[in-house]
Amino acid sequence: MSRYVPVLIFIFFAFSCKTQDKATSSNQSVDADVLFSLKSTSCMGECPVYELKIMRDSTIHFIGVKFTTIEGAASKKLSSDEYTRIIAMINEVGWSKLEDKYESNMSDLPSFNFVYKDKRVYQYGQEPKSLSKLRKDLLPIIDYKDFF
């Protein structure tokens with residue numbers, strides 16, 4: 001029995017690596033369809049916790065986790081006007097001028113992960129006014145009970 005252990009270990013690792021490669025490649029194809037995403041984390045208070053994705057095909061996906069009007073997952077194909085308006089808001093940020101990370105030494109703040117095309121920005125505490133404006137303008141539109 002003990003002489004089969006190395007063979008079993010080899011087989012286990014060989015199959016687990018192949019499974020991981022397939023999962024990684026399928027995630028990459030899904031991420032390629034995402035034009036913009038915003039994910040928030042919780043704080044000790046009533047900070048909204050949500051995930052928002054705007055797809056290249058003008059579909060929007062929202063997951064309200066806590067302290068949002070919409071609880072759970074919701075999706076919608078945006079009208080041409082809605083898509084144009086939301087993309088215009090996103091483009092106003094000036095993504096090329098942003099740093100990759102904005103952090104504060106304050107505690108108990110929510111964090112935000114923004115991804116627009118290939119630009120990723122992590123924000124905890126201090127942030128450029130353009131990101132703050134985007135969040136404050138975008139969430140009320142999306143997290144409105146009649147939007148989806």
Side-chain angles (χ1 to χ4, degrees), residues 9-148:
I9 291 173
F10 173 77
I11 291 171
F12 173 76
F13 281 112
F15 284 109
S16 67
C17 290
K18 287 183 182 179
T19 303
Q20 185 176 1
D21 290 343
K22 288 180 185 176
T24 303
S25 65
S26 67
N27 286 343
Q28 287 173 346
S29 65
V30 170
D31 289 343
D33 295 334
V34 177
L35 177 64
F36 172 80
S37 69
L38 170 57
K39 186 174 184 178
S40 69
T41 63
S42 64
C43 66
M44 296 283 243
E46 295 183 3
C47 302
V49 179
Y50 58 92
E51 185 171 350
L52 167 69
K53 290 183 181 179
I54 299 175
M55 312 305 282
R56 293 184 188 280
D57 70 354
S58 74
T59 304
I60 189 166
H61 302 284
F62 182 82
I63 301 172
V65 180
K66 284 195 313 192
F67 305 115
T68 57
T69 304
I70 298 168
E71 294 180 3
S75 294
K76 175 183 176 178
K77 180 77 170 179
L78 296 169
S79 71
S80 178
D81 289 342
E82 289 172 326
Y83 185 72
T84 300
R85 184 173 52 144
I86 289 173
I87 295 303
M89 290 167 56
I90 293 168
N91 284 329
E92 286 179 14
V93 169
W95 295 94
S96 62
K97 297 175 184 174
L98 295 178
E99 297 180 23
D100 294 337
K101 190 180 278 191
Y102 295 91
E103 291 185 295
S104 172
N105 56 5
M106 296 175 66
S107 61
D108 187 34
L109 298 173
S111 65
F112 299 94
N113 288 293
F114 297 85
V115 179
Y116 180 54
K117 298 180 181 177
D118 293 330
K119 180 69 174 181
R120 296 178 183 278
V121 179
Y122 170 80
Q123 180 263 316
Y124 178 82
Q126 295 178 337
E127 65 185 332
K129 288 181 182 179
S130 62
L131 283 181
S132 177
K133 181 176 178 357
L134 176 63
R135 264 189 317 102
K136 290 176 183 171
D137 290 348
L138 196 55
L139 187 59
I141 294 170
I142 306 306
D143 192 25
Y144 177 66
K145 66 179 180 173
D146 294 329
F147 184 79
F148 288 97

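By convention here, the first residue in the shown sequence is residue 1.
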Test of understanding: with salt bridge (Lys or Arg N to Asp or Glu O under 4.0 Å), list the residues that count as partners of [X], not counting sequence neighbours.
X      : answer
Glu51  : Lys53
Lys119 : Asp100
Glu82  : Lys76
Lys39  : none

Name each donor-acceptor pair under 3.5 Å that joins a side chain in residues 88-95 to protein atoms two or more places apart or in another chain, with its distance.
residue, atom, partner, partner atom, Å
Asn91, OD1, Tyr116, OH, 2.4
Asn91, ND2, Ile87, O, 3.3
Trp95, NE1, Ile90, O, 2.7

**Request:** Measure from the side-chain N and O atoms of Asp33 to the backbone N and O of Met55, and report whether any donor-acceptor pair falls under 3.5 Å.
**Result:** no
Could you tell me the separation between the [atom1] atom of [X] and the [atom2] atom of [Y], rounded to the nearest 0.5 Å?
X      : Y      : atom1 : atom2 : result
Asp143 : Thr69  : CG    : OG1   : 4.0 Å
Lys101 : Gln123 : NZ    : CD    : 12.5 Å
Leu109 : Met44  : CG    : CE    : 11.5 Å

Can you list every disulfide (SG to SG under 2.5 Å) pair that touches [range], not counting sequence neighbours?
range            : answer
residues 46-148  : Cys43-Cys47
residues 116-148 : none
residues 51-90   : none
residues 61-92   : none

Taking C-beta and beyond as the side chain, do [X] and [Y] meet within less than 4.5 Å on heavy atoms?
X      : Y      : value
Pro48  : Leu139 : yes
Ile86  : Ile142 : yes
Leu35  : Tyr83  : yes
Ser130 : Leu98  : yes

Atom of [X], atom of [Y] and distance for their closest heavy-atom approach:
X      : Y     : result
Ser37  : Val34 : CB-CG1, 4.1 Å
Thr68  : Ile70 : OG1-O, 2.6 Å
Thr84  : Ser80 : OG1-O, 2.8 Å
Pro110 : Thr41 : CB-O, 3.2 Å

**Request:** Check the surroundings of atom CD in Gln126: do more than 12 heavy atoms from other residues, nucleotides or ligands lie under 6.0 Å from it?
**Result:**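 Counting neighbours around CD of Gln126, 12 or fewer heavy atoms of other residues, nucleotides or ligands fall under 6.0 Å, so no.
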**Prompt:** Would you say Asp146 has more than 12 foreign heavy atoms packed within less than 6.0 Å of its CG?
**Reply:** yes
**Message:** Going by ring-ring contact (aromatic ring centres under 6.0 Å, His included), name the pairs with one or both residues in residues 32-56, residues two or more places apart or in two chains.
**Reply:** Tyr50-Phe62
**Item:** Residue pairs fulfilling ring-ring contact (aromatic ring centres under 6.0 Å, His included) with at least one residue in residues 120-148, sequence neighbours excluded
**Value:** none
**Complete:** Contacts satisfying side-chain hydrogen bond (donor to acceptor under 3.5 Å, both in side chains) that involve residues 54-64 (not counting sequence neighbours) are Asp57-Thr59, Ser58-Lys77, His61-Ser75
